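Some notes on the structure that comes next.
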Amino acid sequence: RSGLGSPMHTAPSAGTAGLPGTVGLRAVGSVAWPGLLALAWLAGTALQMQQATLPSSPQAWAGLVGAALASVVGAWGLRSWGAGRRPPELVSRLLPASLAGLTLLGIFGLGWFHAELRAQARLQQMLAPELEGQDLVLTGTVAELPRVSALGVRFVFEVETAEWLDKRPGSADAARPVKVPQRVSLGWFHGWHVDTVLSRPATPLEAGDRWRLPVRLKRPHGAVNPYGFDLERWLFEQDLRATGHVRPGAQRLQPAAAHPLERLRQHWRDAILLRVADPAAAGVLAALAVGDQASIDSEGWELFRTTGVAHLMSISGLHVTMWAWLAAAAVGWAWRRSPRLMLWWPAQTAAPVGGLVLAAAYAAVAGWGVPAQRTVLMLAVVVLLRLSGRHWPGPLVLLAAAVAVTLMDPWAVGQPGFWLSFFAVGMLMVSDPVSRPPPRGLAAGEAGAATVGAPAPMHSWGSTARSAWSTH
C-alpha cells in the first residue's frame with residue numbers, strides 16, 4: 001500500500017489553497033509534523049530528568065492538566081483552520097503558527113510532567129529514615145533469579161507484610177506500623193573467609209519461594225565517582241527502594257509459591273552450571289541464555305573488559321534484535337513451506353509477528369531487564385507500523401518508538417543502552433531491501449503483483465532475514 005492515502009499526506013482542499021497560512025497548514029499536515037510532536041515530548045522528558053528537585057504532587061498534576069489542555073486547544077484550532085472556519089483577516093497570518101506552537105508547547109509539557117509524576121510516585125516508595133538499621137521481619141517471595149557470589153546470595157524480595165522483630169506485648173514497637181517498599185534488594189551472606197565459595201549456604205534459596213526473613217534495611221546508597229557505576233540510579237531504575245541483609249532465623253514458608261518463569265530460569269541456570277565442564281564457559285552460557293551475569297567470575301569480567309566485549313555479556317538491545325532478526329527469518333522460511341499457512345496468513349506478515357513474539361519470549365527468559373523491555377517495545381512499534389501499511393520514514397519510526405519507550409520508562413533517555421538499542425533497531429531498518437522500480441513494460445499494479453508473488457531471496461542467511469522483516 002502506498003502511504004499517500006494516509007492522513008499525513010492529505011493535501012489542502014481547493015477552498016483553502018490560496019488562503020493565508022496555507023503554508024503553515026501544509027507543514028502541520030506533512031510527515032514532519034508527527035516528528036516535531038515526538039521531539040517535543042522527548043525534549044520535555046529529557047529536560048525534566050536534569051532537574052535537581054521535584055515540585056509537589058498537586059503542582060505536577062496541575063501542570064499535566066494545563067499541558068493537556070494546551071495540546072487539545074492547539075490541535076482543535078489547527079483542525080478548525082483546516083476545515084475552513086477562519087478568524088478575522090487581521091490575525092489569520094499568525095494564527096496557524098501560534099496554534100502549532102501551542103500544540104508543541106503542550107506536548108512538551110506532557111512529557112515533562114509525565115516524567116515528574118512518575119519520579120514522584122517512585123520516590124514515595126522510599127524507606128523511612130527511622131527504619132534504617134532496625135530489626136524487622138519481612139514476609140514475601142523471592143521475585144527474581146538469586147545471584148550467587150563468593151560471599152553469599154543477593155536477590156530481589158517482593159514484600160507482602162512487614163512487622164517489628166520484637167512484638168512482645170507492651171513493647172514500644174508492638175503498636176507502631178511498619179511500611180517498607182514493595183521490592184527490596186537483600187543479601188544473604190554466609191561467610192567472609194577465603195574458602196567461603198566452597199561452602200554451601202545454610203538454607204537453599206530458590207526463585208518463587210515464600211519466606212519469613214529477619215532483616216535490617218537501609219535506604220539506597222552508592223559512591224559518586226566520575227565515570228563509575230551509579231548504584232543509586234540503577235536501584236532507582238529497577239524500582240528497588242531499599243537494600244539490606246538477612247539476619248539469623250529465616251524460615252521458608254512455601255516452596256514454588258510464585259514466579260514460575262523465574263523458577264524456570266533458575267532451573268536452566270543450575271543445569272548449565274552443573275553440566276558444562278568448563279566453569280568459564282558455563283558462566284558465559286548462563287549469562288547469555290538466562291541473563292545471569294553473576295555466573296561469570298571476576299577473572300572472566302576482567303578479560304572481557306580488557307578486550308572491550310564486556311557489554312556483550314549483558315542482555316541488551318543488540319541481543320534481542322539479533323534474535324528477533326533470525327527468528328523472523330526462520331518463521332518466514334518455515335511459513336513458506338506450508339501452502340495451508342500461506343493461504344491463512346501471508347508469510348510477509350507472519351514473519352515479523354513471529355520474530356516479535358520470539359524476541360519477547362527470549363527477553364522474558366533472559367530476565368526481562370529494562371534494556372530488553374525497551375527493545376521489545378521498539379520492535380513492537382516497528383512491526384505494528386508495518387502491519388498497518390504505513391510507510392513512514394525511518395527517522396519517524398524511531399521517534400515513535402522513542403515516545404513509546406519513554407512512556408514506559410522516562411528515565412531511559414539518560415542511559416547509553418537507550419541509544420544503543422535505537423542504533424540496533426535502526427540498523428535493522430536500514431538493512432531492509434531497497435525497493436526496486438517496476439520493470440519496463442509493466443504497469444505499477446502488475447509490478448506490485450509480481451513482487452508479492454515472487455519467492456523470497458534465499459542466496460544467504462542475511463538476505464533471508466532481511467526479507468523476513470520486509471512487508472514488500
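Treat the numbers as computed from the prediction; the structure is a model and nothing was measured. Only heavy atoms go into these numbers, but all of them, side chains included; no hydrogens, no water, no symmetry mates.
By the 6.0 Å contact criterion, CE on M322 is open, its count of non-hydrogen atoms from other residues, nucleotides or ligands being 12 or less.
When L213, V180, L165 are each tested for a side-chain contact (heavy atoms from CB on, under 4.5 Å) with L136, only one passes: V180.
Not a single donor-acceptor pair under 3.5 Å links the side chain of Q373 to the backbone N or O of M408. Listed for the R336 side chain is a donor-acceptor partner under 3.5 Å among the backbone atoms of G332. E206 places no side-chain N or O within 3.5 Å of a backbone atom of P255 that could act as its donor or acceptor partner. Formation of a donor-acceptor pair under 3.5 Å by the R122 side chain with backbone atoms of F236 is found in this model. Side chain of R386 to main chain of V381: no donor-acceptor pair is present (N/O by atom type, distance under 3.5 Å, no hydrogens or angles).
Within the model, atoms CG of L358 and CG of L326 stand 11.0 Å from one another, a figure rounded to the nearest 0.5 Å. One distance of note links CD of Q182 with CG of L240; it measures 11.0 Å at 0.5 Å rounding. Annotation: the span from W41 atom CH2 to T45 atom OG1 amounts to 5.5 Å, rounded to 0.5 Å.
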Query raised in the report: Taking it one step at a time, do E144 and R265 satisfy salt bridge (charged side-chain N to carboxylate O under 4.0 Å, His left out)?
Result: CA-CA 9 Å; E144 295 183 6; R265 293 180 62 218; over 6 Å; no
Query - Step-by-step salt bridge (charged side-chain N to carboxylate O under 4.0 Å, His left out) determination, E163 to R212 - result: CA-CA 11 Å; E163 57 187 4; R212 186 176 186 272; 3.0 Å; yes
Report task. Any chance you could lay out the side chain to side chain contact (heavy atoms under 4.5 Å, CB included) test for L253 and W211, step after step, and finish with the verdict? Result -> CA-CA 5 Å; L253 303 178; W211 286 82; 5.9 Å; no
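Ring geometry for F155 versus W188: interplanar angle of 30 to 60°, hence tilted. Using cut-offs of 30° and 60° for the angle between ring planes, the W112 and F108 rings count as tilted. Taking the six-membered ring where the residue is Trp, W335 and W345 present perpendicular rings, their angle passing 60° and hence far from 30°.
Closest heavy-atom contact between R183 and A143: NH1-CB, 4.5 Å. Minimum interatomic distance between R219 and P129 (heavy atoms only, all atoms of both residues): NH1-CG, 3.5 Å.
The residues R216 and E132 are annotated as not salt-bridged, no charged nitrogen and carboxylate oxygen being separated by less than 4.0 angstrom.
You'll find the side chain of V215 stays beyond 4.5 Å of the side chain of V137, heavy atoms only.
Every pair passing salt bridge (charged side-chain N to carboxylate O under 4.0 Å, His left out) that includes a residue from residues 266-286 is listed here, sequence neighbours excluded: R269-D292. For residues 224-233, every residue pair satisfying the salt bridge (charged side-chain N to carboxylate O under 4.0 Å, His left out) rule, not counting sequence neighbours, is listed here: R233-E237.
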